[in-house]
Structures are given as structure tokens and as C-alpha cells.
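Everything on this sheet refers to the single structure shown next.
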Amino acid sequence: GAIPVLCIDGPTASGKGTLAAALAERLGYHWLDSGALYRLTALAAQRAGLAVEEAQTEAIAALARALDVEFQGERVLLRGEDVSADLRTEAIGRDASKVAAWPAVRAALLQLQRDFRRLPGLVADGRDMGTVVFPDATLKVFLTASAEQRAERRYKQLISKGVSTTLDAVLADLQARDARDMSRSAAPLKPADDALLLDNSTLTVEASVERVLAWWQERL
Ligand code: C5P
């Protein structure tokens, strides 16, 4: 049969990355953090001196097609350079969400994402893993949490990194990003028809992992 794929899609700061990484670890599977590819594209544009605007769509899509990326556990290498920290900034997150709205960039990254599907299996997290990239996935989970919960988590993360911001600013930014992800015509953020919904507003990471693993056992 096909190589198993477990998709975790959901809005910004819903905890997809944490959940996906834990599941990949538990199952001994590969992990695709698809958001990192959009962030890498934004970073590559920044380094090439290209402004993230409509007029640069084709030039930035060309950068996406030529991405020289390697994932080493938690580390992301761009042309051999560790750019893990550069990818996580708010500015790159905003630019990533802009380039992600362009069909040419999404098309450029499609095959690269599918190439992550290797034995023994893959856990993939993002916005369109279940709807576009892996429509035949074994299990699709749509992870949500209230905007306030998500803003609070992201706020704490930023503060602990020494970034100075306010909860209101974080909430506003997160809502703007959600709106852009949901309203774009190319692969908008929405649950696949056959996705199982998981609201983790009041769940610990461990409880979320156990819930998804139970679903996974039923599917295999
Ligand atoms: O998940 P993360 O915040 O790293 O993703 C960065 C941006 O990339 C998101 O705001 C979203 O607009 C975009 N993205 C996407 N499709 C994915 C993953 C991320 O459009 N599968």
C-alpha cells in the first residue's frame, strides 16, 4: 500500500508543530514542517534583496523552486547554513504568509513537500497538508484552539525569547494571519472533508498526542 501519512493542519500558533514533532518521535516517522518551507522562501527573498510584493512573484517562486534545504532534527539548513533562528522571527512569519498566498510559490513547493513521504511514514503539519498536498493521507487532523489561547501561548514564547511585545499586538497579528490564510484563493486554510477536529484549548500536549495516536491505531 501507500506510505502512511498523518496530517496536522490548523491556524497559526495552534500547536501543530509541537504536536507533529511529538507524533513523529512516537511513531518513528519523518516529519515535514511545511511552514518552514514558506519561511525559507521568505528568507531567501530577503537575502536576495527582493521585496515581498506582487511584482516579485515570479522571481520569488524561482527561489522557492531552487531551495537548497536540509532538515536535521530541529535544525534547518539553507545552503548548508543553520538558519533555524532566522526562520522564527515575526517579520519572516509575516512575509511567509504573504508569499504563501501566491499560487506560483505554492506550486513551486508542492513536489518538494511530497518528496518527504518516505518509509516508514510521515507526519506533516501545515495549512493544506490534508486538502492539497496529501489528499490520500491515512489520517487528517484539523487542530484548533481559541484565538485568545493561541495568542497567549505565542506571547509567552516571544517574551521568553526576550522579544518585547504586548498580548494585544500578538492577537492582532495572529488574527490578520488567520484571515489571510483563510481568505486566499490558493489552498485556503480549512479542514479537509474527512478531517477529524481536535480543539486543544484545554488539553495538554501529552493528552493531544494520546488522542491522535488512538485515532491513528484505528486507521492503520
Ligand atoms: O506554520 P508557520 O507559521 O511556520 O507558517 C508560516 C506561514 O506559511 C503561515 O502563516 C501560512 O501563511 C503559510 N503556510 C501555508 N501552508 C502551509 C504551511 C504554512 O500557507 N502548509
Side-chain angles (χ1 to χ4, degrees), residues 5-21 23-24 30-46 52 57 60-61 63-64 67 69 71 74-76 78 83-117 122-135 137 140-145 147 150-151 153-155 157-158 161 163 170-192 195 200:
V5 185
L6 198 173
C7 297
I8 309 280
D9 286 306
T12 300
S14 56
K16 300 181 301 290
T18 306
L19 179 59
L23 287 164
H30 301 282
W31 172 32
L32 167 62
D33 167 7
S34 62
L37 300 180
Y38 292 93
R39 288 171 183 268
L40 281 160
T41 302
L43 184 67
Q46 188 188 75
V52 174
T57 307
I60 293 176
L63 292 177
L67 271 189
V69 55
F71 290 87
E74 302 283 291
R75 301 198 316 155
V76 186
L78 180 62
V83 293
S84 318
D86 309 75
L87 289 187
R88 308 303 341 157
T89 69
E90 293 299 284
I92 287 295
R94 255 190 308 275
D95 281 352
S97 135
K98 285 184 194 154
V99 303
W102 301 340
V105 167
R106 304 201 73 86
L109 294 175
L110 189 59
Q111 191 55 47
L112 176 60
Q113 294 174 84
R114 290 183 175 154
D115 290 343
F116 280 79
R117 189 172 188 169
L122 177 68
V123 179
D125 79 83
R127 306 293 188 291
D128 63 340
M129 298 298 96
T131 51
V132 174
V133 181
F134 303 109
K140 304 173 185 177
V141 175
F142 194 82
L143 190 68
T144 57
R150 292 185 285 123
R153 291 176 192 159
R154 175 58 55 89
Y155 173 74
Q157 269 174 14
L158 289 171
K161 277 196 296 185
V163 177
V170 172
L171 180 62
D173 184 65
L174 191 141
Q175 284 170 328
R177 213 175 295 180
D178 284 354
R180 191 154 48 220
D181 286 347
M182 289 188 291
S183 65
R184 70 182 179 217
S185 48
L189 171 67
K190 62 159 195 250
N200 71 3

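Whatever order the structure lists ligands and atoms in, that order sets their numbers, starting from 1.
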Exercise for the section: Give a yes or no on whether the backbone of Ala100 and the side-chain of Arg106 come within a donor-acceptor separation of less than 3.5 Å. Expected result: yes

Problem - Numbering as shown, the atoms of ligand 1 that approach Ala100 to under 4.0 Å (heavy-atom distance) - result: 12 (O), 13 (C), 20 (O)

Exercise for the section: Looking only at protein heavy atoms, identify the closest one to atom 7 (C) of ligand 1 and say how far it is in Å. Expected result: Ala96 CB, 3.9 Å

Practice task
Examine distances only and state if a side-chain atom of Asp9 and a backbone atom of Asp128 form a donor-acceptor pair shorter than 3.5 Å.
Solution key: yes

Fill in the blank from the handout: atom 18 (C) of ligand 1: of Cys7, Ser34, Ala42, the nearest heavy atom sits on Ser34

Exercise for the section: Return yes when Lys98 approaches ligand 1 closer than 4.0 angstrom through a heavy atom, no otherwise. Expected result: no

Handout entry: atom 5 (O) of ligand 1: nearest protein contact (heavy atom, Å)
Key = Gly35 CA, 3.5 Å

Practice task
Just need the protein heavy atom nearest to atom 3 (O) of ligand 1, so name the residue and atom and give the distance.
Solution key: Arg39 NH2, 2.9 Å

Fill in the blank from the handout: In this structure, OG of Ser14 is separated from CG of Leu174 (nearest 0.5 Å) by 9.5 Å

Handout entry: Top protein contact for atom 1 (O) of ligand 1, by heavy-atom distance
Key = Arg127 NH1, 2.9 Å

Practice task
Of the side chain and backbone of Arg88, name the one, both, or neither that has a heavy atom under 4.0 Å from an atom of ligand 1.
Solution key: side chain

Exercise for the section: Decide whether an N or O pair under 3.5 Å exists between Gln113 and ligand 1. Expected result: no

Exercise for the section: Kindly say whether Pro11 contributes a backbone atom to a donor-acceptor pair with the side chain of Lys16 at under 3.5 angstrom? Expected result: yes

Handout entry: SB check Asp173 Arg177 (cutoff 4.0 Å)
Key = yes

Handout entry: Note: Arg150-Asp178 ion pair, threshold 4.0 Å (strictly below)
Key = yes

Handout entry: Contacting atoms of ligand 1, where contact means under 4.0 angstrom from a heavy atom of Gly126
Key = 18 (C), 21 (N)

Handout entry: Atoms of ligand 1, numbered as shown, that sit under 4.0 Å from any heavy atom of Arg177
Key = 10 (O)

Completion exercise
CG (Leu158) and OH (Tyr155) are apart, to the nearest 0.5 Å, by 9.5 Å

Fill in the blank from the handout: Residue, atom and distance of the protein heavy atom nearest atom 12 (O) of ligand 1 read Asp181 OD1, 2.6 Å

Practice task
Verify, without hydrogens or angle tests, whether Arg117 (side chain) and Val5 (backbone) share a donor-acceptor contact under 3.5 angstrom.
Solution key: no

Completion exercise
re atom 8 (O) of ligand 1, the protein heavy-atom contact at minimum distance is Tyr38 CB, 3.5 Å

Practice task
Measure the distances from the heavy atoms of Met129 to every atom of ligand 1 and state whether one is below 4.0 angstrom.
Solution key: yes

Problem - Donor-acceptor pair between Arg180 and Ser97 side chains, under 3.5 angstrom - result: yes

Handout entry: Arg106, any N or O under 3.5 Å of ligand 1 N or O
Key = yes

Handout entry: Proximity of Asp128 to ligand 1 by residue part, where a heavy atom lies under 4.0 Å
Key = both

Handout entry: Side chain Gln46, main chain Ala42, donor-acceptor under 3.5 Å
Key = no

